[in-house]
Amino acid sequence: MKHLLSMADLDRDAIRTLFTTAAEMHDVQRREVKKLPALRGRTVINLFFEDSTRTRSSFEIAGKWLSADTINITGKGSSTSKGESLRDTVLTICAMGVDALVMRHSASGAAQQVSQWVDAVVINAGDGTHEHPTQALLDAYSLERALGGLEGRKVAIVGDLTHSRVFRSNVIGLATLGAEVTAVAPPTLMPSGVEAWSHQAGFAVSHDLDEVLPQVDAVMMLRVQKERMAGGFFPSPREYTVGYGLTRQRLASLRPGTPILHPGPMNRGLEIAPEAADAAASLVLDQVSAGVAIRMSVLYHLLAGEDATA
Ligand code: NCD
């Protein structure tokens, strides 16, 4: 595997290899001196055309701890805001001698397209509503550590699934690792064609959060992505919360200790109550810390030549 564009690029062994390295990187993260020489002399560009806190900074930290030179370029501060095409922008950047391009873009398929234009390794850090593979990796890694294994475990993924690349990558990744996913959303926020897709990909679909919650081993809440919504997907924020929020009342219907995940950024009070976000069983900050370890592992395997999927 040269690039990481989709969770479908990774079979179970490849994911296991990435997790093993991530666990070692996780140990490095706890040291006082966090530098490893593995990617010395390599250059990693973070090219972000959409806003990001966690993903961009964790890729930057991951690159730095592996001794790569990392540079951040954002859409707003780059020549794309002067009308330069995506192709010209990436060819320009790569002409400087870049080894890896970590890319976030609002167009689904953008990373795949760019991978055909450049020689550098391309890592998809979120392409529109399509995929976000390193997020799915860090989610599965965090969950596996919390549950002690994913085989046969029931995971509910709840929220604005129509607009969620995190959902799409997790459906693929969790199925590869043997977990049983139930997708929960109001009909208006369920991706079109979900029936056929769920049969093919092997996940269940529900519109009834209260029925699903008592049965699951973990629950992943996803953000209501207002910036991708042109019209009314639900009558009011209050009604969304009543139907699909992980409220304080709903917390009580989970089995004690059930891990709660959210990739962030959270809309507190909309899809997740503060009591849930800050619960003892919340993995939200574990996900962030695992994000650095996972991205170190991905950069290491793609750049240091040891092919994770070989
Ligand atoms: C997600 C994203 O950007 O797709 N966030 C993230 O990477 N931490 C989910 C979201 O924006 O809701």
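Atoms considered below: every heavy atom in the structure, side chains included; atoms not considered: hydrogens, waters and symmetry mates. Order of appearance sets the numbers: ligands from 1, and atoms from 1 within every ligand. Model, not experiment: these values are computed from the prediction.
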Side chains of residues 197-205: which donor-acceptor pairs under 3.5 Å do they make with residues two or more places apart or in other chains?
unit_1, atom_1, unit_2, atom_2, d
S198, OG, V194, O, 2.9
S198, OG, E195, O, 2.8

Practice problem: Answer yes if the side chains of R223 and H163 hold a donor-acceptor pair under 3.5 Å, and no otherwise. | Solution: no
Practice problem: For the pair N124 (side chain) and L4 (backbone), establish whether a donor and an acceptor sit closer than 3.5 Å, ignoring hydrogens and angles. | Solution: no
Quiz item: Does E60 pair with K64 as a salt bridge, N-O distance under 4.0 Å?
Solution: yes
Exercise. For the pair D278 and R268, find out whether any cationic side-chain nitrogen is under 4.0 Å from an anionic carboxylate oxygen.
Key: yes
Exercise. Can you tell me which residues line ligand 1 if we count any heavy atom under 4.0 angstrom from one of its atoms, in chain and number order?
Key: R54, T55, R104, H132, Q135, R165, V166, R223, Q225, P263, G264, P265
Exercise. Assess the side chains of R104 and T55: does a donor N or O sit below 3.5 Å from an acceptor N or O?
Key: yes
